[in-house]
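Working notes, beginning with the structure itself.
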Amino acid sequence: MAVNGRQGGRPTLEEVAARAGVGRGTVSRVINGSPRVSDRAKAAVSRAVAELGYVPNRAARALAGARTDAVALVIPETEARLFAEPYFLDIIRGVSAELADADKQLLLTLIRSSQERQRFEQYLAAQRVDGVLLVSVHADDPLPEVVRGLDIPAVLNGRRSEAEPVAYVDSDNVGAGRSAVAHLAEGGRRRIATITGPLDMYGARCRLDGYRQGLAAAGLTADERLVAAADFTEEGGRRAMRELLERCPDLDAVFAASDVMAAGARMELREAGRRVPDDVALVGVDDSAVARHMDPPLTSVRQPIEEMGRVMARVLLQEIAGTATEPRQLVLPTRLVVRDSA
């Protein structure tokens, strides 16, 4: 049966956008009363809504005077990576605690493919959550802009660039690299290598910048052969360590940009017959359980991961309520925790 010139069934936001000749984000902005829409677009969307008989979920909830009371925490990783990486679990713990205090439901969403991202975008377009928390965002990830286009409050864990427009909570990644190298240099190390995270992530680039600043401050010459990129995984740390040993067998220290990568590097050093810290000193980042349980225990730069999760959730709740009292963009301090590896 045709209704208003279309087949029966509930019309979608995408159909409204197609009928109006605009993007899905524009339709959402019109429906939610955003001022960031031209009069022409507003008229086209209003006409399409009327012709199709579209009733947006958010409008129905507004009539009932209620929100969804749900927040999505989005992590673009596999289940294996999620449960192997203490960082994500600490973020989840902090977010969950803050949302529980506010009586909000947490929807944990893993995005492992472009198809899953598209499905999640459709879920967002239906206005089924009040806000979004995004973790582990790479520079080319389109999701933050999709969320912005839908006028849904969002907070990032970390940032995509120095000029990040979206609200975020980050840690002092430059300071982390600088303090790690300063400690190694003060211990007499002179051939200090680094294993970086993915360099399409701003936080990983900042840790590399801090490493270079630390070398300069210690009067050490930077050698690009002592830099190996990895992916924040244990296996990535192993591969990078193997590469560094092949290039520079005389290296005497390694700054790994995460504890998990440092654990991989530690295994590779052991297989190569290198003693930690006698032959090669080792420093990581996160001060996670991995650092405490390594042999020897790992010197690591602590970032307040669980607190970052709490603050992210707190900033998002204030954005949703329109009662922001904290800055929308925060950088939390890091500090070196010295153990036996360096």
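Quick caveat: nothing in here was measured; it's all calculated off a predicted structure.
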Within-4.5 Å side-chain heavy-atom neighbours: [X] and [Y]:
{"X": "Y168", "Y": "R160", "value": "no"}
{"X": "L133", "Y": "L316", "value": "yes"}
{"X": "L52", "Y": "E15", "value": "yes"}
{"X": "R335", "Y": "V301", "value": "no"}

Any ion pair linking [Y] and [X] (charged N to carboxylate O, less than 4.0 Å)?
{"X": "R239", "Y": "D231", "answer": "yes"}
{"X": "E234", "Y": "R81", "answer": "no"}
{"X": "R212", "Y": "E224", "answer": "yes"}

Full working for side-chain contact (heavy atoms from CB on, under 4.5 Å) between L336 and V283: CA-CA 9 Å; L336 187 73; V283 177; 4.3 Å; yes
Following the transitive rule for hydrophobic clusters with a side-chain heavy-atom cut-off under 4.5 Å over Ile, Leu, Val, Met, Phe, Trp and Tyr, establish whether V337 and M294 coincide in one cluster.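 Per the 4.5 Å side-chain linkage, V337 and M294 are not co-clustered.
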If Ile, Leu, Val, Met, Phe, Trp and Tyr residues are connected whenever their side-chain heavy atoms lie under 4.5 Å apart, and connections chain through other members, are L143 and V166 in the same group? yes
Please confirm whether the backbone N or O of [Y] pairs with a side-chain atom of [X], one donor and one acceptor, at under 3.5 Å?
{"X": "H183", "Y": "A342", "answer": "yes"}
{"X": "R339", "Y": "A291", "answer": "no"}
{"X": "D130", "Y": "D69", "answer": "yes"}
{"X": "E116", "Y": "R112", "answer": "yes"}
{"X": "Q303", "Y": "I305", "answer": "no"}
{"X": "R266", "Y": "D295", "answer": "yes"}
{"X": "Q122", "Y": "R117", "answer": "no"}
{"X": "S136", "Y": "I75", "answer": "no"}

Which residue pairs satisfy the side chain to side chain donor-acceptor pair (under 3.5 Å) criterion with at least one member in residues 192-203, sequence neighbours excluded? H138-D200
Spacing of L156 atom CG and D170 atom CG [to the nearest 0.5 Å]: 9.5 Å
Tell me, with the steps shown, if R189 and D252 meet salt bridge (charged side-chain N to carboxylate O under 4.0 Å, His left out). CA-CA 6 Å; R189 309 292 173 158; D252 61 6; 5.3 Å; no
Test salt bridge (charged side-chain N to carboxylate O under 4.0 Å, His left out) on R19 and E51 and set out the steps. CA-CA 9 Å; R19 176 69 66 94; E51 290 172 357; 2.8 Å; yes
Can you list the residues that meet the side-chain hydrogen bond (donor to acceptor under 3.5 Å, both in side chains) rule with R238, with sequence neighbours excluded?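 Applying side-chain hydrogen bond (donor to acceptor under 3.5 Å, both in side chains) to R238 gives E268, E271.
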Kindly give the heavy-atom pair with the smallest separation between A218 and A185, and that separation in Å.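 That would be CB-CB, 3.6 Å.
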So among D259, D287, T334, D286, which one has a side chain to side chain donor-acceptor pair (under 3.5 Å) with S300? D259
Worked check of salt bridge (charged side-chain N to carboxylate O under 4.0 Å, His left out) between R310 and E307: CA-CA 5 Å; R310 274 192 169 272; E307 178 62 15; 5.2 Å; no
